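Everything on this sheet refers to the single structure shown next.
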Amino acid sequence: MNYKVESADEYLRRNRIMELFEDLCTKASYIQPENLEEFFVEDLRIKQKQGFITPIFTKAEIQNIFELFDLKRDGYITQENCRKALLTIASSQKQQEIIEATQVIDEKVDINRFQRLVEQFLG
């Protein structure tokens, strides 16, 4: 590769531009807003405040993630496993830092609380 191509590639990777456009397109195709330009502007404002990527998870996907960490199958996950589960699905460094620093995760977390935490930290 020549210098210009390598430089451009490094710039795109460093600034996560391809991830940004992939996220915007995925979210737009899922939501299908009437005013696409307004949707993109608003989503970029949210990303600026909350972190780079806001994933879209269904309740079934959140349930599956919870069940993967509910090792004893007793309907609860530990605080440590809850944090690990949230970190597993976090999609930005900012989200990971917030999850790692939070003190609001209970010692035992049921599926309803886990869903609220996913919304709070990743929604």
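Keep in mind that what you see is a predicted model, and the values were worked out from it rather than measured.
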Check: Thr102 side chain, Ile98 main-chain N or O, donor-acceptor pair, under 3.5 Å: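 No, because the side chain of Thr102 does not come within donor-acceptor range (under 3.5 Å) of the backbone of Ile98.
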Tell me whether Asn2 contacts the main-chain N or O of Lys4 through its side chain, where contact means a donor paired with an acceptor under 3.5 Å.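 Such a contact is found between Asn2 side chain and Lys4 backbone.
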If hydrophobic clusters are built by linking Ile, Leu, Val, Met, Phe, Trp and Tyr wherever their side-chain heavy atoms come under 4.5 Å apart, do Leu20 and Tyr30 end up in the same one?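 They do share one cluster, since a chain of ILVMFWY contacts under 4.5 Å joins Leu20 to Tyr30.
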Atom pair [atom1] ([X]) and [atom2] ([Y]), whose distance is rounded to the nearest 0.5 Å:
| X | Y | atom1 | atom2 | result |
| --- | --- | --- | --- | --- |
| Phe40 | Asn35 | CZ | CG | 10.5 Å |
| Ile99 | Leu86 | CD1 | CG | 5.0 Å |
| Gln48 | Ile46 | CD | CD1 | 11.5 Å |
| Asp43 | Glu38 | CG | CD | 12.0 Å |

Pairs in or reaching into residues 87-120: which pass ring pair (Phe, Tyr, Trp, His ring centres under 6.0 Å), with residues at least two apart or in two chains?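 Residue pairs passing ring pair (Phe, Tyr, Trp, His ring centres under 6.0 Å), neighbours aside: Phe66-Phe114.
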I'd like to check Ile62 versus Lys59 (side-chain heavy atoms, cut-off strictly below 4.5 Å). Are they in contact?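 No, their side chains stay 4.5 Å or more apart.
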Do Ile65 and Ile89 come within less than 4.5 Å of each other through their side chains, counting heavy atoms only?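 Result yes, sub-4.5 Å side-chain heavy-atom pair found.
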Do other residues, nucleotides or ligands put more than 12 heavy atoms under 6.0 Å from Glu97 CD?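 Correct, the count exceeds 12.
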Cut-off 3.5 Å, no hydrogens considered: what does the side-chain donor-acceptor table look like for residues 105-113, sequence neighbours left out?
from	atom 1	to	atom 2	distance (Å)
Asp110	OD1	Asn112	N	3.3
Asp110	OD1	Arg113	N	2.8
Arg113	NH2	Val104	O	3.0

Using side-chain contact (heavy atoms from CB on, under 4.5 Å) as the criterion, list what pairs up with Phe39, not counting sequence neighbours.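 Listed in chain order: Lys27, Ala28, Ile31, Pro33, Leu36.
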Would you mind listing every side chain to side chain donor-acceptor pair (under 3.5 Å) that reaches into residues 68-84, with sequence neighbours excluded?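 Output for this query lists Glu80-Lys84.
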Taking every non-hydrogen atom, the tightest pair across Ala90 and Gln96: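 Looking at all heavy atoms of both residues, the closest pair is CB-CG, 3.8 Å.
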Taking every non-hydrogen atom, the tightest pair across Leu24 and Leu44: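 The pair with the smallest heavy-atom distance is CD1-CD2, 4.2 Å.
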Excluding sequence neighbours, so at least two apart, what forms side-chain hydrogen bond (donor to acceptor under 3.5 Å, both in side chains) with Arg13?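 With sequence neighbours excluded, Arg13 shows a side-chain hydrogen bond (donor to acceptor under 3.5 Å, both in side chains) to Asp9, Glu10, given in chain and number order.
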With sequence neighbours excluded, residues passing side-chain hydrogen bond (donor to acceptor under 3.5 Å, both in side chains) with Glu42: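 Scan of Glu42 (side-chain hydrogen bond (donor to acceptor under 3.5 Å, both in side chains), adjacent residues dropped) gives none.
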